[in-house]
Every structure is written in C-alpha cells, then in structure tokens.
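Following: one structure in structure tokens, then a few remarks.
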Amino acid sequence: MEMLESSGVLRDGKSLILAYDHGLEHGPSDFDPAPRSRDPSHVFELANHDAVTALAVQKGLAEKYGDTTDANLLVKLNGTSDLWSPDDYYSPQNCSVEYAVEELGADAVGYTMYAGSDHEARMFEDFRQVQEEAHRRGVPVVMWAYPRGNGIQENPEYSGDTDPEVISYAARIALELGADMAKVKYPGGRSEMKAVVQNAAETDVVMSGGSKSSEHEFLESVESVIEAGGSGLAVGRNVFQREQPCDILDHLGEVIHREKSASEVL
Ligand code: FBP
C-alpha cells in the first residue's frame, strides 16, 4: 500500500490504470474500432486525464513516448503476442526491473502470471526475481493475475478461468508471491468480488476492463468493485476503443475516486 501510494499508482487508496499493451498482446486489430488509438501519442495524452493514476505500457512505448506524458509509468516486464501457439501459457520477460526503473523511469512494474499453466513453476521463478528486485528499489509490483491453461481446464472443480473461485485463488496467489496489487478479471458480481478482495488481504485488487461493453453495464461493474472494497480498475479497450474516451474517463473518475454510482454519473 505504501509503495503504491508513493508511486502514485494508488491515490488515496484508489487506482485507475490506463492499460495500453494491446498492440503486443492482441495485435493492431484492437485499434480498428477507434483508429486514432493506433497512435501512441494519442493514448499517452489521454493518460494525462486527472482521473488516471498510471499508464501501463510495454518497454518500447515507454522508451519512445514516456517523455510525452505526465502520467505515472507502469512498465510491463513480460508479455506475449497473439501469433504464437505454445503448448501451454507462458509470458516471457522482455525487460528487467533495472532497465525499467533506471532507463525508462518506471514508477511501478507489472508482470502477467498464468498460474495453472504447465509453465507455472517457471513463471513463479521469473516473478520471484522481479518482485525481489523491485522491492529492493522501493518500486511496487502489479500482478496481472490471470490463471489459465491445462491445470484450470482439466480441473472439474472449475468452470474455467472466470470461475469466481479461480479469480479468488488468483488474488491470493498475488498476495502469497508478494505482489502489491492484483489485476483480476471481473468475477461476475459484488459478492464474488468481495470474496476476491478478502482473499487478497493486504494486496490491493483492481478489476481488468475486458472487451468493450455498454457504458452503463461497464460502470456498474466498476461501481460494484468499489463497493466490494476493491481499489479500482485497469482498463484499455473500454476507454481507447470509444469515440469519446475522455467522457468515460470523466465518469470512471466519479465512480472510482468520488464513489458515485453508475446511475448518478450517467
Ligand atoms: P482491457 O481493459 O482492454 O481488457 O485490458 C486489460 C488487459 O489486461 C491488458 O493489459 C492486456 O493487453 C489484455 O487485457 C490481456 O487480456 P487477455 O490476456 O485476456 O486477452
């Protein structure tokens, strides 16, 4: 909590992270619904919005555009493209903590963890090094806590990677491995989110935005995260795929930082 507040990723206990690593994770087709989102300058400018507490990007964008925004920088240290077809999920590291902090000016670092994959052990070891090095430098670590892979698919107790039990487990893994914040998929409702937050204990929890949905439905899910004791949101497509991204950032600011309801702001 302390490191997250001093980095600016949390502001008075709340967080609105603008995520923009989709060019790597999903490919350029994510920019088609709002073509100007293809230009990193546009999204780095959006990140200057008052409500945004950090901008999450990969190394290359941080290197080339980092100086063009006043936003706090959360540098993702691993990632995969949508082009390869691995035997099971693994997200290789492409940037060190040292490079992120010393060369890119990262205020925080991020790491995607696929617990449940056949490569879980390797990712736990990669994460250990990231977490220890970041904390030695006083930099907080945000875990994209996304269990998926054979261990989840083959377990009859789970309905899939959005099963609320799996999401609670993801948040707990983030706590156990020393992440300061867990970014999790929405488990479907307020009571499920409350369980996720309780399982994460001292690790802050933010919801992952997901694919673009109706503004009202989306704001309602964010409202329920805040009501459940979550810290806020890390969002990409639900902002940059809209024609008026500043409008939804205004509304998200009201729901997250001022704890207003979706109905009050729309
Ligand atoms: P969205 O709000 O667009 O869902 O972005 C959040 C995010 O975690 C991104 O940081 C990342 O690129 C993407 O979702 C990964 O999603 P998935 O692995 O489920 O395709």
Is the closest side-chain heavy-atom distance between [X] and [Y] below 4.5 Å?
X	Y	answer
E215	L266	yes
M193	I167	no
P40	K64	no
E25	T80	yes
H216	S263	yes
V235	I17	no
D12	H257	no
T69	E45	no

[X] side chain to [Y] side chain, donor-acceptor N/O pair below 3.5 angstrom:
X	Y	result
K185	T162	no
S224	Y186	yes
D87	H119	yes
Y99	N94	no
E125	Q129	yes

Taking K194 first and then E227, would you say they form a salt bridge - that is, a charged N and a carboxylate O separated by under 4.0 Å? no
Test: E63 and K59 ion pair at under 4.0 Å: no
At what distance, to the nearest 0.5 angstrom, does [atom1] of [X] lie from [atom2] of [Y]?
X	Y	atom1	atom2	value
S41	L46	OG	CG	11.0 Å
L61	F44	CG	CZ	5.0 Å
E102	S96	CD	OG	9.0 Å
M207	S221	CE	OG	3.5 Å
E202	L175	CD	CG	8.5 Å
D250	D50	CG	CG	9.0 Å

Could you give me the CA-CA distance, side-chain angles and deciding distance for T112 and L77, then say whether side chain to side chain contact (heavy atoms under 4.5 Å, CB included) is met? CA-CA 8 Å; T112 295; L77 302 180; over 6 Å; no
Does a sphere of radius 6.0 Å around [atom1] in [X] hold more than 12 heavy atoms from other residues, nucleotides or ligands, not counting ones at 6.0 Å or beyond?
X	atom1	value
N48	CG	yes
Y169	OH	no
R242	CZ	yes
E165	CD	no
D67	CG	no

Same apolar cluster: [X] and [Y], side chain cutoff 4.5 Å:
X	Y	result
I173	V130	yes
V184	M123	no
L104	L18	no
L73	L233	yes
V142	V52	no

Would the F240 and H42 ring centres measure less than 6.0 Å apart? no
Indicate, with yes or no, if the rings of Y114 and Y146 have centres closer together than 6.0 Å. no
Run the side chain to side chain contact (heavy atoms under 4.5 Å, CB included) check on M181 and L10 step by step: do they pass? CA-CA 10 Å; M181 179 177 271; L10 269 186; 4.0 Å; yes
Of the non-hydrogen atoms in [X] and [Y], which two are nearest, and what is the gap between them?
X	Y	answer
L74	A54	CB-CB, 4.5 Å
S208	K183	OG-NZ, 3.0 Å
E157	D163	O-OD2, 3.9 Å
G13	E5	N-OE2, 2.6 Å
D204	S231	OD2-OG, 2.7 Å
L55	A71	CB-CB, 4.2 Å

Assess the residue pair L177 and M113 against the criterion (side chain to side chain contact (heavy atoms under 4.5 Å, CB included)); give the C-alpha distance rounded to whole Å, side-chain angles, the decisive distance to 0.1 Å, and a yes or no. CA-CA 11 Å; L177 297 186; M113 174 61 75; 4.1 Å; yes
For [Y], does its backbone N or O pair with a side-chain atom of [X] as donor and acceptor, under 3.5 Å?
X	Y	answer
Q131	V141	no
R172	N199	yes
N72	D107	no
E223	A262	yes
D88	D118	yes
D161	R148	no
N78	S91	yes
H22	G236	no
T203	A179	yes
S15	V9	yes

Between V97 and V139, does the side chain to side chain contact (heavy atoms under 4.5 Å, CB included) criterion hold? Intermediate values first, please. CA-CA 9 Å; V97 173; V139 169; 5.6 Å; no
Please lay out, stage by stage, how H135 and D180 fare under the test side chain to side chain donor-acceptor pair (under 3.5 Å). CA-CA 10 Å; H135 281 187; D180 302 285; 2.7 Å; yes
Paired with F127, the side chain to side chain contact (heavy atoms under 4.5 Å, CB included) test is passed by just one of R122, E132, Q93, M143, namely M143
If a pair satisfies salt bridge (Lys or Arg N to Asp or Glu O under 4.0 Å) and one of its residues is in residues 256-266, list it, with sequence neighbours excluded. K14-E259, E254-R258, E254-K260
Tell me, with the steps shown, if Y90 and D126 meet side chain to side chain donor-acceptor pair (under 3.5 Å). CA-CA 11 Å; Y90 177 70; D126 294 349; 2.7 Å; yes
Is K76 positioned over the aromatic face of Y111, cation under 6.0 angstrom from the ring centre and no more than 45 degrees off axis? no
